[in-house]
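Every value quoted in this text rests on a predicted model; they were computed, and no experiment measured them.
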Amino acid sequence: MAAPLYEITAILRGLLHDDDIELTPATRFEDITGWDSMDMINLIVELECRFDVQFALPEVDRLATVGDMLRMLQAKRILAAA
C-alpha cells in the first residue's frame, strides 16, 4: 500500500502547496492544515484519473482518514482487476 500512500501524499502536497506534508494511514483529513471540501474533490478526481477507478459520493462521505481512502482505493483496484 506504500505506492498509493506516496501518490496521495504527492497529490496533497501539490494541492496545498506544502512539501512538508507527511501522511500516515491514521491521518485525518480534517486535521491537515489548509484542508477543505474542495481539496477532497480534487484529491478524488486525481485518484480516479491515476488509478482508473470511480468513487461514489456516499463512499467519499465515509472517508475520514487516509487509511480509509487507502483501503477503499485498494478494494476498487482489486475489483477492477477481476
Side-chain angles (χ1 to χ4, degrees):
M1 218 182 294
L5 179 59
Y6 173 82
E7 292 284 336
I8 293 170
T9 301
I11 294 166
L12 286 183
R13 285 177 178 173
L15 287 174
L16 299 174
H17 308 289
D18 184 351
D19 290 336
D20 295 329
I21 291 175
E22 293 295 333
L23 302 177
T24 69
T27 302
R28 296 184 57 78
F29 289 108
E30 66 186 29
D31 294 336
I32 299 171
T33 303
W35 182 259
D36 64 27
S37 59
M38 283 305 297
D39 294 316
M40 178 61 91
I41 292 167
N42 290 327
L43 175 60
I44 293 296
V45 168
E46 188 64 30
L47 290 173
E48 287 178 336
C49 291
R50 289 189 189 199
F51 292 100
D52 195 28
V53 296
Q54 295 292 310
F55 290 88
L57 187 57
E59 293 173 323
V60 174
D61 287 341
R62 292 192 306 261
L63 299 173
T65 67
V66 173
D68 294 339
M69 180 165 281
L70 289 169
R71 285 184 290 279
M72 189 174 294
L73 183 59
Q74 181 178 30
K76 288 183 172 297
R77 291 175 74 196
I78 289 170
L79 286 174

Ignoring hydrogens, what is the shortest heavy-atom contact between [X] and [Y]? Give both atom names and the distance.
X     : Y     : result
Ile8  : Leu70 : CD1-CD2, 3.7 Å
Phe55 : Glu48 : N-OE2, 2.8 Å
Glu59 : Gln54 : OE1-O, 4.1 Å
Met69 : Ile44 : CE-CD1, 3.5 Å
Gly34 : Leu16 : O-CD2, 3.7 Å
Thr65 : Ala26 : CG2-O, 4.1 Å

Would you give the length of the straight line joining atom [atom1] of [X] to atom [atom2] of [Y], rounded to the nearest 0.5 angstrom?
X     : Y     : atom1 : atom2 : result
Asp18 : Leu12 : CG    : CG    : 10.0 Å
Leu23 : Leu5  : CG    : CG    : 6.0 Å
Phe29 : Asp36 : CZ    : CG    : 13.0 Å
Ile11 : Arg50 : CD1   : CZ    : 4.0 Å

| query | side-chain contact (heavy atoms from CB on, under 4.5 Å) with Leu43: which of Ile41, Leu47, Asp39? | reply |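 In the set Ile41, Leu47, Asp39, the residue that makes a side-chain contact (heavy atoms from CB on, under 4.5 Å) with Leu43 is Leu47.
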| query | Are any of the side-chain heavy atoms of Asp68 and Arg62 separated by less than 4.5 Å? | reply |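 No, too far: nothing below the 4.5 Å cut-off.
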| message | Please determine whether the number of non-hydrogen atoms from other residues, nucleotides or ligands lying under 6.0 Å from atom CG of Asp31 exceeds 12. | response |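 Atom CG in Asp31 is packed in, count exceeds 12.
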